[in-house]
2 protein chains.
Amino acid sequence: MANHPALQFSLDRSSPVPLYYQLSQQLEAAIEQGRLAPGSLLGNEIDLAARLGLSRPTVRQAIQSLVDKGLLVRRRGVGTQVLHSQVRRPLELSSLYDDLEAAGQHPATRVLHHATEPATARVAAALGVPEGSEVLFVERLRLAHGEPMAHLRNHLPVGLIDADPARLEETGLYRLIRAAGITLHSARQTVGARAATPEEGARLAEPEGAPLLTMERTTYDDTGRAVEFGSHVYRASRYSFEFQLLVRP
Amino acid sequence: MANHPALQFSLDRSSPVPLYYQLSQQLEAAIEQGRLAPGSLLGNEIDLAARLGLSRPTVRQAIQSLVDKGLLVRRRGVGTQVLHSQVRRPLELSSLYDDLEAAGQHPATRVLHHATEPATARVAAALGVPEGSEVLFVERLRLAHGEPMAHLRNHLPVGLIDADPARLEETGLYRLIRAAGITLHSARQTVGARAATPEEGARLAEPEGAPLLTMERTTYDDTGRAVEFGSHVYRASRYSFEFQLLVRP
DNA sequence: CACCGTTATATGTCCGGACAACCTGACCTA
DNA sequence: TAGGTCAGGTTGTCCGGACATATAACGGTG
């Protein structure tokens, strides 16, 4: 066992898509569709490279990208094995809007507040701007199926995005940030819980004292600049965070 | 600007530690200590390789590992830049015990229950074993500074670890799993919140109805086998999850 | 039968080179 | 001045090869 001679890969050398990427995509598809059985060996890199007319470094690069995704496991002296998957999604930096939309929940947004305000000490520290300097403050209510799901408060440096309320009602904040040509890089998050205040309860259609899930997040672009600080509250009865994480070897 | 001729790297070719790893460690240390200023360019790979007496692929491998960690950013045609850090810890698969210990919180554990039991449908599905088959069930109370922090309930396949109560009181579950020669690979988590029941409140020294942070986690080893299913409850007043996540490019 | 060394096999590391694609800034032109 | 063009510099991709090292299977030895 261990060989998969039936598997076909089509590589287009005239394509601008890198060869290693073409291969990794097709390997991933084969794993996804079960054409590469979980637990089976992939066949050694040398032969694979020869069969595909590629060099071994190129094949290794393709395999490595899938190892990084958690789909494959390499064992020295043994081979490269397809993982019994079960899982997916290694925790992406996604917006609640996209999550809800992907789940078919018909998200909607109501913009409650939208103005530039002087930064509080907390916001200034998170965004790395002077305290008291002007920042954009956006307060939104996120609905799913017409029911309130979360109360979202975001602070952004001024002039970063074209965030007029109309566009914020139509899509998620992250899409607007990306559309402004900003490359998101990383985020620092804190997830906790607390009891609803009377005002929060009224906003989210929960009784006072109901448990709420809180999330604070500072997002950075690829220059290390903070581009957004969010302070969000979710109805614990309706929402939870779900994600997968990989062990860094 | 952009060059760092002062930086010295010492590479030991007789060491069993790979050269790219030696280099990446020293680069990381230099970034950590500020000897490589945030935002500054690293200097091109070709020269760096020549200066160090290494090949470019080796230098690239070192740099790439730091890019994957989020410490560096590459820009084609520009160079490799040190990120304005601010952050660290890209969300590891760590145990609460280690987290508390690292924070100097003097963790302690009280084992409440420790026995093999037939798996419920929920546990069986998570662990991938037949419903009703025997699994190890461990129930613990985690304390910090003598105060209860969390109530931990874990189910594990039988025979996986030597988990006698005495050892569980001394250390975290993950350490025992790793000590059993198991290579942790990934985990699937769900984080939510709910109100404390009277029993939970009594256990955790919280009033009934107090908000609690909940976390369910199934952990897999590098063969894809589920090795642990945990169902945990944390005092929201004392604990929150904090982590960093990277955007996959 | 149990133990241990040998051997085949696979990935891990490293090299040196080549060309392509992209970004920036300087220069030229309308 | 405004715009486009071009050259230089840097990372991205890809090649072919070499040797090291971990693993498992085999087979010999006590």
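Just so it is clear: chains get the letters A, B, ... in the order the sequence lines come, proteins before strands, and each one is counted from 1.
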In whole angstrom, what separates [X]'s [atom1] from [N]'s [atom2]?
X	N	atom1	atom2	result
A/L23	D/dC14	CG	P	10 Å
B/Q61	C/dG16	CD	P	15 Å
B/R56	D/dC14	CZ	P	13 Å
A/L54	D/dT13	CG	C1'	12 Å
B/I46	D/dT11	CD1	P	8 Å
A/D222	C/dC23	CG	P	12 Å
B/E45	D/dG12	CD	P	6 Å
A/R60	D/dG16	CZ	C1'	15 Å

| Hey, which of these two, A/P16 or A/R76, hits DNA chain C nearer its 5' end, going by closest nucleotide? |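 Nearest nucleotide further toward 5': that of A/R76.
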
Quick one: is [N] close enough that its OP1 or OP2 comes under 4.0 Å of any side-chain N or O from [X]?
X	N	answer
B/Y20	C/dT13	yes
A/T80	C/dT11	yes
A/S55	D/dG17	no
B/R74	D/dT13	no

| query | Which is true for A/P57 with a 4.0 Å heavy-atom rule: it touches a base, it touches only sugar-phosphate, or it touches nothing? | reply |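 Counting heavy atoms under 4.0 Å across all strands, the contact made by A/P57 includes a base.
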
| said: So A/R75, base contact, sugar-phosphate only, or nothing? Heavy-atom distance under 4.0 Å. | reply: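 Sugar-phosphate contact only.
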
| Approximate separation, where rounding is to 0.5 Å, of B/M215 CE and B/Q189 CD |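 CD of B/Q189 is found 4.5 Å from CE of B/M215.
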
| A/L246 CG to A/K69 NZ distance, which is reported to the nearest 0.5 Å |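 Those atoms lie 11.5 Å apart.
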
Has the side chain of [X] got a donor or acceptor atom that lies under 3.5 Å from a matching backbone atom of [Y]?
X	Y	value
A/Q26	A/S10	yes
A/E228	A/N154	no
A/E28	A/L66	no

| For the residue pair A/F243 and B/F243, does the interplanar ring angle fall in the parallel (under 30°), tilted (30 to 60°) or perpendicular (over 60°) class? |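 A/F243 and B/F243: tilted rings.
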
| task | Between A/V17 and A/V78, just flag the one whose closest nucleotide in DNA chain D comes earlier from the 5' side. | result |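 The answer here is A/V17.
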
Between protein and nucleotides 6-8 of chain C, what N or O pairs are separated by less than 3.5 Å?
none

| Under a 4.5 Å cut-off applied to non-hydrogen side-chain atoms, are B/R188 and A/E242 in contact? |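 With C-beta onward as the side chain, the pair touches.
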
